[in-house]
Amino acid sequence: MSKLESVNKATNHSSAGIRKRALPVLLSIAVTLPAFSTYSANNNDIDVYPPNWWAGMQNKDVELMIHGEGVADDIVSIVKGDAKLQQIKSLDSENYLFITLDTSEAAAQNLVLRLSDNDGTSREINFSLLEREKGSALREGFGPRDAIYLIAPDRFANGSPENDNVEGYAELADRDFKGGRHGGDIQGIVEHLDYIKDMGFTQIWTMPMLENAMEKYSYHGYSMTDYYKMDPRFGSNNEFIELSSKAKEHGIGIIMDMVLNHIGSNHVWMKDAPSKDWINNNGEFVGTTHKRESLHDPHAIDSDITGFSDGWFVPTMPDLNQRNPHLANYLIQNAIWWVETAGLSGIRVDTYSYSDKAFLSQWTNRLMREYPNFNIVGEEWSVNPAITAYWQATSHRHDDYDSALPSVMDFPLQASVVKALSFDESWNSGFISVYDTLATDFLYGAPNNLVIFPDNHDMSRIFTALDHDIEKWNMAMTLFLTTRGIPQVFYGTEILMGNEGSDDHGIIRSDFPGGWPSDNDKNGFTGKGLTSEESWAQSRVKALLALRQSHPWLFEGELKHYAPKDGVYTYFRVASTDEENKRREAKKQNAQSEKIMVILNKKSVELPLSSYAEMLSSHDTLKRVSDGKIFNTSDTLNLPAMSASVFIVQ
């Protein structure tokens, strides 16, 4: 996320506003959310979070946060339905009430709760327990068979120009301003699902699209002002659900970017928080130290630890106190609600380690108990594998911390690849940095479940990081799309988008050419106006992703690599024993399985394949992916300098 670009001052939440009770009458407030219905955050004079729930969940309790004027002292009763009142609690604010329902004996139904005030007025809440989609609990999350396409929605494609500006939202569209809203939206993604599928991507991760009712820099999505509502400048909740449904028809899953650490300063909680400890540092800005190492340092003092986890990024991103159990439950239930509502295949968690450590254990365990085959990837921006590995569920740790997080972003590998391609080969520079990084995979419980990437929305694009050298770009992209892990590609990387001369995030997240009706000269979706290099790069990514789809068992299998020698780095992808046995049985094959062989070399080389006898001895031929040329495993390869060669070993 953009750590420092939100600079607007706090103002009133644009969609907040609780209407006073004027008459002693019975009000009925509907907060049901059947499939594809429209959800409004501030319905009449009361808000209910979550707005609905489901019968048959693993955790049978659901805690409702009720927000309305003076509700804290209301008497609650269930006048219709099988759920039971387990707990009713108010905190510091007179405008919040927390109601815990026990749904263990409740089928799908509409509940009616009555809130009775001591002035004789009462209000009723219709709260739906919905029936879950078949197989929801056992949904498959993204994994090593997949390739993720990361999109900045505001900068990808504008499918609905009519929602560029929305009444009640301060920031208006300004495509000429690098940090402004440019108009990309959910419909723009829907309209280009064919392109995403044709390229070979099987998952979409977008930067957050929940409401960011901020005065400036709202396009990036990381200053949330409503956890249950899509920003209408991107589209509605219904449109997001439709995106997920249509993506699924294309064989594509949706990964939602979630922010547990902070909110936007225009969130209603900054005017009226449920409790005094809801926001860290008493609701006043104190900057984080960013010293994530303090969480693991055996010599650390407590003030360094709290300085990291309780500090804010910037004044417009208030830091949440997840030690408050009601806030923790709110965030847990919100994540589950979106998984169920939108049929998600995964979650990416922003600034993962900045949230309270004990809360992260609770959050991941609740999610993974509910969805045991799901996948969640946390952003831990450290180039130290020991730090990133700590958070992965099955890693060996220096303490007894209970993490259920399946995946982390592999920043160490990204840094090592850029370093490898930026320095000449020697005994301690070049490809050895990649080799050394991968050699530390013993730290990870599941290295093949790490999300790997050449670049993302917070760093220079890989083409720029490698000095706009197409050969280095090819070597980097070949490695990231064939080595162990789950590759993620930032939109536009496939057509050599760069950020020459600027590290500004607004430039890094430039508009994808062809995403706007006025983009007449260049269109990345159709290929119009692309240079020969850009077209070649696009086809190269497409070919490598096609290889992943045609040989998924290999990319779900093992990585075997040779130590770099004389500027040559070679590795293989092989099926795991279990997967290979299953594949052979399914196809009734007795022959030796295929492998993928990748050779990266900086200097021109004559390379005898006999050097790789350990991996090739039981094979006869290699087929080069780029041109289909066949080689015998007894041949010597003549490889040009700065090349990346991929072979199917047969």
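Residue pairs meeting the salt bridge (Lys or Arg N to Asp or Glu O under 4.0 Å) criterion with at least one member in residues 276-288: none, sequence neighbours excluded.
A side-chain donor-acceptor contact under 3.5 Å links Asp519 to the backbone of Trp516. Of the possible donor and acceptor atoms, one in the side chain of Ser244 sits under 3.5 Å from a partner among the backbone N and O of Ala342. Judged by distance alone, with hydrogens and angles left aside, the side-chain atoms of His67 form no donor-acceptor pair with the main-chain N or O of Val268 at under 3.5 Å. In this structure, the side chain of Glu494 engages the main chain of Gly492 through a donor-acceptor pair within 3.5 Å. Checking side-chain atoms of Tyr227 against main-chain N and O of Val259 turns up a donor-acceptor pair under 3.5 Å.
Qualifying side chain to side chain donor-acceptor pair (under 3.5 Å) partners for Ser353, counting only residues two or more places apart in sequence or in other chains: Glu380. The ring pair (Phe, Tyr, Trp, His ring centres under 6.0 Å) check on His250 picks up nothing, with sequence neighbours excluded. With sequence neighbours excluded, the residues forming a side chain to side chain donor-acceptor pair (under 3.5 Å) with Asp319 are Asn261, Asn280, listed by chain and number. For His326, the side chain to side chain donor-acceptor pair (under 3.5 Å) test picks out Glu63, with sequence neighbours left out. Residues satisfying the side-chain contact (heavy atoms from CB on, under 4.5 Å) criterion with Pro161, sequence neighbours excluded, are Asn158, Asp164. For Tyr491, there are no ring pair (Phe, Tyr, Trp, His ring centres under 6.0 Å) partners at least two apart in sequence or on another chain. The salt bridge (charged side-chain N to carboxylate O under 4.0 Å, His left out) test applied to Asp410 returns Arg484, not counting sequence neighbours. Every salt bridge (charged side-chain N to carboxylate O under 4.0 Å, His left out) that Glu534 has, sequence neighbours left out, goes to Lys522. Judged as a ring pair (Phe, Tyr, Trp, His ring centres under 6.0 Å), and not counting sequence neighbours, Phe234 has no contacts. Listed by chain and residue number, nothing satisfies the salt bridge (charged side-chain N to carboxylate O under 4.0 Å, His left out) test with Asp272 (two or more places apart in sequence, or in another chain). Qualifying side chain to side chain donor-acceptor pair (under 3.5 Å) partners for Lys248, counting only residues two or more places apart in sequence or in other chains: none.
A salt bridge does not link Asp174 to Arg181: none of the charged side-chain nitrogens sits closer than 4.0 Å to a carboxylate oxygen. Taking 4.0 Å as the cut-off between side-chain N and carboxylate O, Arg233 and Asp185 do not count as a salt-bridged pair. Looking at Arg123 and Asp74, a side-chain N of the basic residue comes within less than 4.0 Å of a carboxylate O on the acidic one, giving a salt bridge. Checked for salt-bridge contact, Asp458 and Arg509 meet the test: a charged N lies under 4.0 Å from a carboxylate O.
Aromatic pair Tyr354/His262: centroids not less than 6.0 angstrom apart.
The distance from the CE atom of Met209 to the CE atom of Met224 is 10.5 Å, given to the nearest 0.5 Å. Rounding to the nearest 0.5 angstrom, the gap separating the CH2 atom in Trp205 from the CZ atom in Phe490 is 8.5 Å.
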Report the C-alpha distance between His457 and Ile508 in whole Å, list the side-chain angles of each, state the deciding distance to 0.1 Å, and finish with yes or no for side-chain contact (heavy atoms from CB on, under 4.5 Å).
CA-CA 7 Å; His457 55 304; Ile508 292 170; 5.8 Å; no

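Side chains of Asn324 and Trp278: a donor-acceptor N/O pair is absent below 3.5 angstrom, by distance only.
Ser382 and Pro412 make their closest contact through O-CD, 3.3 Å (heavy atoms, listed as atom of the first residue, atom of the second, distance).
Because its NZ or CZ atom is both nearer than 6.0 Å to the ring centre of Tyr219 and within 45° of the ring axis, Arg155 counts as a cation-pi partner of that residue.
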